[in-house]
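In what follows, a single structure is set out as structure tokens and then discussed.
Just so you know, ligand 1 is whichever comes first in the structure, and atom 1 is the first atom listed for that ligand.
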Amino acid sequence: MKLARSLDAGPRGFADGLLVELVGALREMNDGELVSLTSTRAATGPELLAWSKVTGHAIVTTTTTTTSSGVSHVWVVRKGEGVFGAEPSRPIGTRIWIYTNFDCNLRCDYCCVRSSPVAERRALGLASIRRVAEEARMLAVDGFYLTGGEPFLLVDIREIVETCASVAETTLLTNAMLFQGPRLERLRALPRDRVTLQVSVDSPTPALHDLHRGAGSWKKAMAGVRLARELGFRVRLAATVDTDEDERSFRSFLDAEDVAEEDRVIRRLAQRGFAEGGVALARGDLVPEVTLTANGVYWHPVGADDQDFFIQRDLFPLAGAIAAVREQWEREREHHDQLASVFHCA
Ligand code: SF4
């Protein structure tokens, strides 16, 4: 993580001058920059949390280490509110994100879940996905998002997609680089009805895309997009951008390609997983999206490899998993409202 400032508080708490020091550091920083605060005092955690909820500055990571010389706590605080979650809100649990696997043919330098060719597969498995779909049929789920890792590495990807699409609209996220041999046959065999392929393409030309995703990847991805369209798939293009300029240039490219508004996703780079730059995100910055992985239920797909986004181990019953996410969301909001009213009265 790129830090703008580091503060060593030792055993001091907010009442012993730490708050003044922290506020002073933030004054010298720009919105979105990070400051780390190291302390030997565990009670600083709740003080910092209450303060962050009132001020809107977010705690993006918390780490505790124990060594022979004692316990040390490090909190990383982002200046200002997050810019994610601007999407119109929808009832939590009406769409479900499924991490089919975590291994990938690429190793993008900003992959939010640390996927790569050497990452452990951690496949959710067809049997579990069938159960998710079956239970989702009884709930108000109207969409599945299948992601990874690269889902086309799985030999049973056709069965997985068929299972989900038989219940609800299904979007399959892919880098579109593996459409050869048996994998091409699996692509051909996928249903077209209620299935959208969402392909990662970051820039109008290879330069920026290849910089993050590897030499030659833009050309292969665009060939995959063309092939999928020829085979009759609805294809959505999804870009990860870091600046307003990158966003503008990608929009012009999509306009020139005549890509419909509903088939475009442009999102800011999130400082999660391998990413060293981008927006540092805390859980409270994001409206939750129920996310299922082989390791359990998570708050949002962007943090599906991070402990601070972990909700619970049990995926089933699915209604229970959705309820657990909703409950934690309610708690976040209640806490925020209570502290906000205390703040306003003071
Ligand atoms: S960002 Fe996507 S394509 Fe890149 S390593 Fe991660 S999962 Fe693979």
Side-chain angles (χ1 to χ4, degrees), residues 1 84 96-125 129 144-155 157 160-161 170-180 183-184 186-187 196-203 206-228 233 235-242 246-247 250 264-281 286 289 291-295 298 300-306 309:
M1 265 187 176
F84 275 49
I96 304 283
W97 284 78
I98 295 175
Y99 268 85
T100 54
N101 56 303
F102 280 85
D103 52 333
C104 188
N105 52 309
L106 292 182
R107 189 212 178 277
C108 305
D109 65 6
Y110 52 48
C111 184
C112 65
V113 290
R114 305 173 181 86
S115 290
S116 76
V118 296
E120 202 187 323
R121 170 149 290 181
R122 291 191 277 154
L124 186 51
I129 293 173
F144 290 110
Y145 284 73
L146 302 175
T147 188
E150 173 49 51
F152 275 94
L153 288 173
L154 300 175
V155 291
I157 188 60
I160 290 172
V161 174
T170 297
T171 301
L172 176 59
L173 280 70
T174 174
N175 55 43
M177 291 176 61
L178 295 177
F179 301 154
Q180 298 100 30
R183 291 183 181 125
L184 174 56
R186 281 176 212 130
L187 172 72
T196 300
L197 298 183
Q198 182 169 311
V199 180
S200 311
V201 177
D202 293 339
S203 51
L208 188 62
H209 181 102
D210 287 8
L211 181 72
H212 295 293
R213 294 177 181 267
S217 56
W218 185 88
K219 206 170 156 195
K220 277 194 189 161
M222 289 307 288
V225 168
R226 275 192 297 276
L227 176 64
F233 287 98
V235 178
R236 186 179 297 139
L237 297 184
T240 302
V241 298
D242 199 19
D246 292 345
E247 182 167 346
F250 195 70
R264 310 171 169 201
V265 177
I266 304 181
R267 63 214 154 188
R268 282 302 166 117
L269 177 61
Q271 202 170 124
R272 288 262 153 192
F274 289 145
E276 293 199 341
V279 186
L281 289 171
L286 298 163
E289 295 268 359
T291 301
L292 310 179
T293 79
N295 300 93
Y298 285 78
H300 195 280
V302 79
D305 194 39
D306 293 325
F309 275 42

- line: Note: I98 and F144 closest approach over all heavy atoms is CD1-CD2, 4.0 Å

message: Does this structure show an ion pair linking R114 with D306, if we count only N-O contacts that are shorter than 4.0 Å?
response: yes

message: At less than 4.0 angstrom from any non-hydrogen atom of S115, what atoms of ligand 1 do you find?
response: 5 (S), 6 (Fe), 7 (S)

field: Contact partition for C108 relative to ligand 1, non-hydrogen atoms under 4.0 Å
entry: both

- prompt: Of the protein's non-hydrogen atoms, which lies at the shortest distance from atom 2 (Fe) of ligand 1, and what is that distance?
  reply: R213 NH1, 4.2 Å

- prompt: Is the charged tip of R107 near the ring of F274: under 6.0 Å from the six-membered ring centre and within 45° of its axis?
  reply: yes

- request: Specify whether an N/O/S atom of C111 falls short of 2.8 Å from atom 6 (Fe) of ligand 1.
  value: yes

field: Nearest heavy-atom neighbours spanning A238 and R267
entry: CB-NH2, 3.8 Å

- prompt: Any sub-3.5 Å donor-acceptor pair from N101's side-chain atoms to E150's backbone N or O?
  reply: yes

message: Taking a cutoff of less than 4.0 Å between a non-hydrogen atom of the residue and any ligand atom, is G149 in contact with ligand 1?
response: yes

Those atoms of ligand 1 less than 4.0 Å from some heavy atom in N175: 3 (S)

- request: Please say whether the positively charged group of R122, taken as NZ for Lys or CZ for Arg, lies over the ring of F102, i.e. under 6.0 angstrom from the six-membered ring centre and within 45 degrees of the axis.
  value: yes

query: Nearest protein heavy-atom contact for atom 8 (Fe) of ligand 1: which residue, which atom, what distance?
result: C104 SG, 2.3 Å

query: When you look for heavy atoms under 4.0 Å from ligand 1, do you find them on the side chain of E150, its backbone, both, or neither?
result: neither

